[in-house]
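Each remark here refers to the structure printed beneath this line.
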Amino acid sequence: VSTILVTFPDPFPLDHEEQWRLVQVSTLKEMHRILRKSTECPGTLFLATDHEGFYNWCQEVMDRANADLVLFEKVDPCPDRLEWMPAVSHYERKGWQEGRKTLLSCWMAASH
């Protein structure tokens with residue numbers, strides 16, 4: 001797999017709902033397992049959300065997933081979203097109408 005897109009998943013915003021969030025250490029490990037590992041063209045994980053709490057959660061979970069062994073390396077700045085997500089979803093448009101901005105992150109699978 002060359003690319004995984006996580007676009008506007010349910011943020012499960014309440015603290016007691018954290019276990020239902022898509023991004024967890026276990027899912028990041030599975031994503032790393034299936035992504036291409038190549039020094040020339042590594043697999044890439046992209047995240048798009050308009051929920052700041054979920055965005056921050058994802059950054060923290062990625063740090064925990066990388067604690068023992070680096071699975072992903074952050075790509076900063078994130079590539080232009082039109083290169084990997086040219087369409088605007090219903091949820092993204094709704095967020096814009098409600099005054100939220102799209103938050104993006106990108107990571108490359110580390111090769112071991």
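Side-chain atoms are counted along with the backbone in the values below, which use heavy atoms only and exclude waters and symmetry mates. Position 1 is the first residue of the sequence, and the numbers go up from there.
The backbone N or O of V1 sits nowhere less than 3.5 Å from a side-chain atom of R36 that would complete a donor-acceptor pair. E98 places no side-chain N or O within 3.5 Å of a backbone atom of G95 that could act as its donor or acceptor partner. At distances below 3.5 Å, not a single donor-acceptor pair connects side-chain atoms of R81 with backbone N or O atoms of P86. Although no hydrogens or angles enter the test, the distance criterion places a donor-acceptor pair under 3.5 Å between the side chain of Q24 and the main chain of E18. No side-chain donor-acceptor contact under 3.5 Å links T49 to the backbone of F8. The main-chain N or O of H51 is never found under 3.5 Å from a side-chain atom of R100 such that the two would form a donor-acceptor pair. Of the possible donor and acceptor atoms, none in the side chain of W57 sits under 3.5 Å from a partner among the backbone N and O of R21.
Between L104 and C78, the shortest heavy-atom distance links the atoms CB-SG, 4.1 Å. Nearest heavy-atom pair, G43 versus L35, reported as atom, atom and distance to 0.1 Å: CA-CD2, 3.9 Å. The two residues P42 and A109 come nearest to each other via the heavy atoms CB-O, 3.6 Å. Listed here is the closest heavy atom pair of A65 and L71: O-CD1, 3.7 Å.
Surrounding OH of Y55 are more than 12 heavy atoms belonging to other residues, nucleotides or ligands, all under 6.0 Å away. The local environment of CH2 in W20 is sparse, with at most 12 non-hydrogen atoms from other residues, nucleotides or ligands closer than 6.0 Å. Under a cut-off of 6.0 angstrom, the local environment of NZ in K37 is crowded, with over 12 non-hydrogen atoms contributed by other residues, nucleotides or ligands. In this structure, D80 places its CG atom where more than 12 heavy-atom neighbours from other residues, nucleotides or ligands lie under 6.0 Å away.
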side-chain contact (heavy atoms from CB on, under 4.5 Å) assessment of D10 paired with F54: CA-CA 9 Å; D10 189 328; F54 181 73; over 6 Å; no

Test side-chain contact (heavy atoms from CB on, under 4.5 Å) applied to S2 and T44, step by step: CA-CA 6 Å; S2 64; T44 309; over 6 Å; no

Test log, rule side-chain contact (heavy atoms from CB on, under 4.5 Å), inputs V61 and V25: CA-CA 6 Å; V61 172; V25 170; 4.0 Å; yes

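Residues W107 and I34 share a single hydrophobic cluster, defined by chaining ILVMFWY side chains whose heavy atoms lie under 4.5 Å apart. Put simply, L103 and M85 are part of two different groups of oily side chains (I, L, V, M, F, W, Y) that touch within less than 4.5 Å, one to the next.
The stretch residues 59-81 participates, sequence neighbours left out, in these ring-ring contact (aromatic ring centres under 6.0 Å, His included) pairs: H32-F72.
Remark: L45 CG to E73 CD distance equals 13.0 Å, nearest 0.5 Å. Rounding to the nearest 0.5 angstrom, the gap separating the CG atom in L28 from the CG atom in D63 is 10.5 Å. Note: D50 CG to T7 OG1 = 11.0 Å, rounded to the nearest 0.5 Å.
At least one side-chain heavy atom of F46 sits under 4.5 Å from a side-chain heavy atom of T3.
Shown here are the side chain to side chain donor-acceptor pair (under 3.5 Å) partners of R33, two or more places apart in sequence or in another chain: E30. When the side chain to side chain donor-acceptor pair (under 3.5 Å) test is applied to W84, no partner is found at least two apart in sequence or on another chain.
Each of Q59, M62, M108 was evaluated against K74; a single residue qualifies, Q59, per the side-chain contact (heavy atoms from CB on, under 4.5 Å) test.
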